[in-house]
Number of protein chains: 2
Amino acid sequence: MELDFGKLDGLVAAVIQDHRTGRVLMVGFMNEEAFARTVETGFATFFSRTRNKLWMKGETSGHRLVVREIATDCDHDTVLVKVEALGPGVCHEGYASCFFRRLEGGAWVTSEDRVYDPESVYTK
Amino acid sequence: MELDFGKLDGLVAAVIQDHRTGRVLMVGFMNEEAFARTVETGFATFFSRTRNKLWMKGETSGHRLVVREIATDCDHDTVLVKVEALGPGVCHEGYASCFFRRLEGGAWVTSEDRVYDPESVYTK
């Protein structure tokens, strides 16, 4: 039984969840090669739609995502990857999770503090 | 600050997470109207890519998803919706979560039991 890469132009959505806390850390997209690399290497690897290439999360920051479990849904067009996140945060803006904004009274509000300084990681 | 519906042909991915247990229950897609309905009604509503129309989760089964919190990610192209799931399961195949298959030794293996009989719900 294979994943269905046909519904989304060769991609599946990949939900990344902290394997201990259950927090959803980010959502990326994987093509068939990115998924195979994720399984083979044990580090979450995505396909960047904007840069049109594979990227292993953490290749710049060191904040890699160690795969603990992979599940797929009933349609086989999405994967749920439970990970151990290396480093203080997953988001390139310095937050623990990319989902740091909540909808409150019709506006998106930053609902937590940064856990690291992104400039110290991404601009070397 | 608006959501970015431009990267995915007018859609954003919507991760549905149980607000108490943290379990990821399903992933759907929302267009702008589905997102607005979700916010306005308090019930998770999606855009079906295969049927090309809006659908409120639970409109057939009664297994609605009551919105408890909505977050978005750094790129504003994905939403995370924490819900209270009405009914025994979210998956139309009878499972609590659509993510009932895990990768084990290179194969997708059903890793839990059904929580309801889908035929009793969907074929009336």
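Heavy atoms only: backbone and side chains are in, while hydrogens, waters and symmetry mates are out. Just so it is clear: chains get the letters A, B, ... in the order the sequence lines come, proteins before strands, and each one is counted from 1.
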If you count heavy atoms of other groups shown closer than 6.0 angstrom to CZ of A:R20, is the number above 12?
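Counting neighbours around CZ of A:R20, 12 or fewer heavy atoms of other residues, nucleotides or ligands fall under 6.0 Å, so no.
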What residues of residues 34-44 of chain B sit under 4.5 Å from chain A when only non-hydrogen atoms are counted?
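Expected list: B:F35, B:V39.
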Contacts with chain B made by residues 87-95 of chain A (heavy-atom distance under 4.5 Å), listed by residue number:
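The residues closer than 4.5 Å to chain B, in numerical order, are A:C91, A:H92, A:E93.
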Joint hydrophobic cluster, [X] plus [Y], side-chain heavy atoms closer than 4.5 Å:
X      : Y      : result
A:V15  : B:L80  : yes
A:V24  : A:L86  : no
A:F100 : A:V121 : no
A:W108 : B:V81  : yes
A:L11  : B:L11  : yes

Side-chain heavy atoms of [X] within contact of [Y], under 4.5 Å:
X     : Y      : value
B:M26 : A:D73  : no
B:F99 : A:V79  : no
B:T72 : A:L103 : no

Among the options A:A13, A:C74, A:G22, pick out the one with the most heavy-atom pairs lying under 4.5 Å from chain B.
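So the answer, after comparing A:A13, A:C74, A:G22, is A:C74.
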In terms of heavy-atom pairs under 4.5 Å, which option from B:A107, B:G106, B:S111, B:C98 contacts chain A the most?
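Ranked by heavy-atom pairs under 4.5 Å with chain A, first place is B:C98.
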I'd like to know if A:D77 and B:R49 make a salt bridge, using a cut-off of under 4.0 Å between side-chain N and carboxylate O.
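Salt bridge: yes.
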Distance, nearest 0.5 Å, that separates CD of B:E69 from CD of A:E104:
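Separation between the atoms: 8.0 Å.
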Rounded distance (nearest 0.5 Å) linking atom CD of B:Q17 with atom CD of A:Q17
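Reported value, rounded in 0.5 Å steps: 6.0 Å.
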